[in-house]
Amino acid sequence: MDNKFYITTPIYYVNARPHIGHAYTTIVCDMMARRERMLGKDVFFLTGTDEHGVHVERAAQAAGKPAQQWADEVSSSFRRLWDVLGLSYNKFIRTTDAEHKRGVQEMFRRLRDNGYIYKGKYTGQYCVFDELYVDSAGPGAPCPECGRPTETVSEENYFFKLSAFEEKLLKLYRDQPDFIRPETRRNEVASFVRSGLRDLSVTRSTFRWGVPVPDDPGHVIYVWLDALSNYCTAIGFGSPDPADQQRFQRYWPADVHMIGKEIVRFHCVYWPAFLMAAGLELPKTIVAHGWLLFEHDKMSKSRGNVVRAETIVEAMSRDALRYFLLREIVFGQDGSFSFDALVQRYNADLANDLGNLASRTLTMITRYFGGQVPYPSPTEARKPADDEIAEIARRTISEFNAKFEKFQFSHALETAWSLVSAVNKYLVENEPWTLGEKQDDVSRARLGTILYTSAEALRVVTALAHPVIPESSARIWAQLGLGEIVNFKLAELKWGQLPLGTKIGKVEPVFPRADKSVVEKMQAMEQERRTPTVETEKKAGAAAQPAGRAVEVKPAPAPAASAAGAPATTPAAKAGAGPPEGKISIDDFAKVELRVGQVKLAEKVQGADKLLRLEVDLGSETRQVVAGIAEAYAPELLIGRKVVIVANLAPRKLRGLVSDGMIVAASVGEQGKPVLAGFLEDVPVGAKLK
RNA sequence: GGCGGUGUAGCUCAGGUGGUUAGAGCGACGGUCUCAUAAUCCGUAGGUCGAAGGUUCGAGUCCUUCCGCCGCCA
């Protein structure tokens with residue numbers, strides 16, 4: 001078997017700045033890359049940025065910058081973050097790189113030469129915002145992605161014969177069950193393909209910011225074909241240079257494409273179809289992880305927090321963040337992040353368990369044996385407890401590796417920590433400190449055995465955990481007197497390799513305990529860094545969707561950005577010279593347009609217990625508003641009622657319905673029962689509140 | 001609406017092919033030790049395993065229906 005390992009992150013779309021969700025994806029890959037390197041593989045770890053498309057063009061425009069300059073700036077902010085996090089990527093690709101563009105054109109040519117591209121005419125609905133053709137929809141129908149009205153267009157495009165791959169893809173999913181992980185994603189993809197594939201439009205002529213189609217520069221290549229090709233172009237595909245070609249031969253196909261669950265379809269349907277059409281090998285496996293959600297901060301008013309990785313690194317450490325993400329979140333599922341959970345996990349596992357084990361073990365070796373790893377007694381001073389630890393360690397190594405192979409990172413770490421617990425218990429039960437007071441030979445031999453056992457177990461855990469906590473594990477390793485951990489061959493790890501008589505290094509705490517003030521510090525840092533520009537999330541500011549452009553439909557961080565997310569979660573705008581902490585200025589309030597409206601129609605939303613669809617007359621116009629008040633108000637009782645509407649809230653889609661505005665209500669009691677705002681005197685429809 | 005998944009202690013999760021009193025970690029509470037980062041270690045927490053039926057000598061573990069949540073698709 002060949003000895004290479006090629007792993008990729010998605011390339012991140014540069015219409016928004018990086019946040020902890022992007023960091024999560026990339027950290028997982030970094031950890032896997034480090035582990036494979038430790039196992040002796042020739043690793044190529046790729047990440048980068050996706051920089052074409054109308055969103056970028058638009059974001060740059062809003063910022064008053066040329067598209068390339070905008071892309072340069074955002075791309076470098078990603079790169080900076082990866083460097084702050086100490087990630088070990090081998091290459092950072094940008095889709096605006098000349099080599100990449102050349103490679104994409106080569107990919108297009110191959111598809112065309114192999115007969116999978118044809119020119120056709122599309123007439124139908126198109127969402128300009130998402131660059132998306134909406135099939136089987138009438139004029140003006142809402143975009144399924146963003147809810148904005150679609151436009152009717154008729155244009156000539158190049159199409160890819162995706163329909164020709166239906167059977168081949170289904171066969172692929174059958175024959176290679178690990179092609180898509182986890183299984184639930186594979187089921188989704190298979191059922192999608194089974195329902196029939198349409199040919200895919202793979203060029204656009206409505207904007208310029210992209211890779212031109214070879215021999216037909218009036219068209220640019222659709223962003224997905226452009227973006228996905230990065231996995232090949234980054235390692236030399238499409239280059240005339242023999243060295244590049246050799247590199248491509250060496251590393252392709254990818255061993256792992258790591259992606260977020262929102263871009264599964266593109267990677268598991270389109271990408272393999274493109275590759276088959278181009279006559280290239282398919283990646284070994286595509287792994288979709290879940291999203292990182294942010295818990296509401298219970299100590300203050302509920303509000304959505306977008307946490308930045310830099311804050312955690314600065315207030316705690318890189319390893320604290322890495323450990324948390326990999327241990328706390330069950331890989332593949334959505335996970336929730338909170339500062340409290342982070343600190344708690346750090347203290348419990350890293351400071352109290354592992355850190356303290358290192359500290360107590362190494363201190364005793366220093367004190368009782370002058371800093372030299374003692375000899376374990378072969379016979380007389382040996383007890384069953386010592387062999388039990390050795391046995392647990394052996395089991396831990398194999399279980400840890402098995403879980404890792406199955407991408408069960410959190411469970412693997414749990415397994416490793418069970419060894420830490422066992423050793424802490426072993427120390428209490430065997431009381432080496434009591435033996436340390438005695439000078440007789442038997443006591444000395446017993447003491448040596450105990451401390452050797454403890455130190456050796458510490459070594460095993462440290463080696464296993466190194467990919468996850470590279471810096472602190474390196475320090476423990478050095479304190480054990482073992483030199484550079486990166487030189488260690490993980491494949492050879494087994495019990496009993498700690499050299500006897502090793503002179504241990506200077507002992508110092510690796511994981512200083514974090515107290516509550518660290519949480520406050522991080523919260524304050526986030527508060528401070530939060531700019532007046534509110535970058536909102538699609539899903540009520542709750543989900544950080546790390547990887548995909550498909551859902552990164554945020555507007556650029558433009559000056560006048562308004563909240564498009566959950567109305568209740570708008571963080572207080574804060575500027576250096578602004579109003580006092582927690583207050584807003586009259587100007588801020590003036591941004592909110594509140595108007596009196598009259599309910600003309602109210603009905604339950606199918607399939608949603610809490611939602612009502614309302615049509616509200618605002619005087620000048622009638623709006624559709626979807627409100628979560630069905631449990632408190634019967635629809636028929638609302639008709640004719642005058643309510644207060646937030647009139648300038650960006651439209652949002654709920655259960656497939658566009659909600660254009662928000663109804664104002666008090667939230668009462670623990671259940672947050674809504675009580676609609678109203679007036680004691682009669683007021684005209686359309687009146688503005690101020 | 002179709003398909004798929006899921007619902008186990010306060011929280012996060014384990015619980016192949018059904019079998020004694022349903023588990024772990026964290027948190028909480030009480031206690032202990034003192035080598036160690038006020039860490040470790042021990043004990044306690046009494047969860048109708050979403051609900052109701054069914055199959056079975058026996059079901060968290062299989063079947064049916066219902067409810068909740070989630071995903072994909074339409």
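Below, chain A is the first sequence line, B the second, and so on; all start at residue 1.
- For A:Asp334, the CG atom counts as densely surrounded, since its 6.0 Å shell holds more than 12 non-hydrogen atoms of other residues, nucleotides or ligands.
- For A:Asp178 and A:Lys406, the salt-bridge test fails: no basic side-chain N is under 4.0 Å from an acidic carboxylate O.
- Backbone-only contact: A:Gln344 has heavy atoms under 4.0 Å from sugar-phosphate atoms and none from a base.
- Closest to the side chain of A:Trp433, from the set B:C13, B:C33, B:C26, is B:C33.
- Rounded to a whole angstrom, the distance from the C1' atom of B:A52 to that of B:C41 is 46 Å.
- A:Thr363 comes within contact range of the sugar-phosphate backbone alone, with a heavy-atom separation under 4.0 Å but no base atom that close.
- The residue A:Gln408 sits apart from the nucleic acid: no heavy atom pair falls under 4.0 Å.
- Nucleotides B:G58 and B:G43, compared at atom C1', are 34 Å apart to the nearest Å.
- Side-chain atoms of A:Asn352 stay outside donor-acceptor range of the base of B:A39, with no qualifying N/O pair under 3.5 Å.
- Separation of the C1' atoms belonging to B:U17 and B:C13 is 23 Å when rounded to the nearest angstrom.
- Counting any heavy atom pair closer than 4.0 Å across all strands shown, A:Val510 reaches a base atom.
- Using a 4.0 Å heavy-atom distance criterion, A:Arg194 is classed as making no nucleic acid contact.
- Within a 6.0 Å sphere centred on CD of A:Gln176, other residues, nucleotides and ligands contribute more than 12 heavy atoms.
- Residue A:Ser421 is classed as a sugar-phosphate contact, given heavy-atom separations below 4.0 Å to backbone atoms only.
- Of the candidate nucleotides B:A39, B:A36, B:G71, B:A36 has the atom nearest to the side chain of A:Arg360.
- Aromatic ring pairs are classed by plane angle as parallel below 30°, tilted from 30° to 60° and perpendicular above 60°; the pair A:His19 and A:His22 is tilted.
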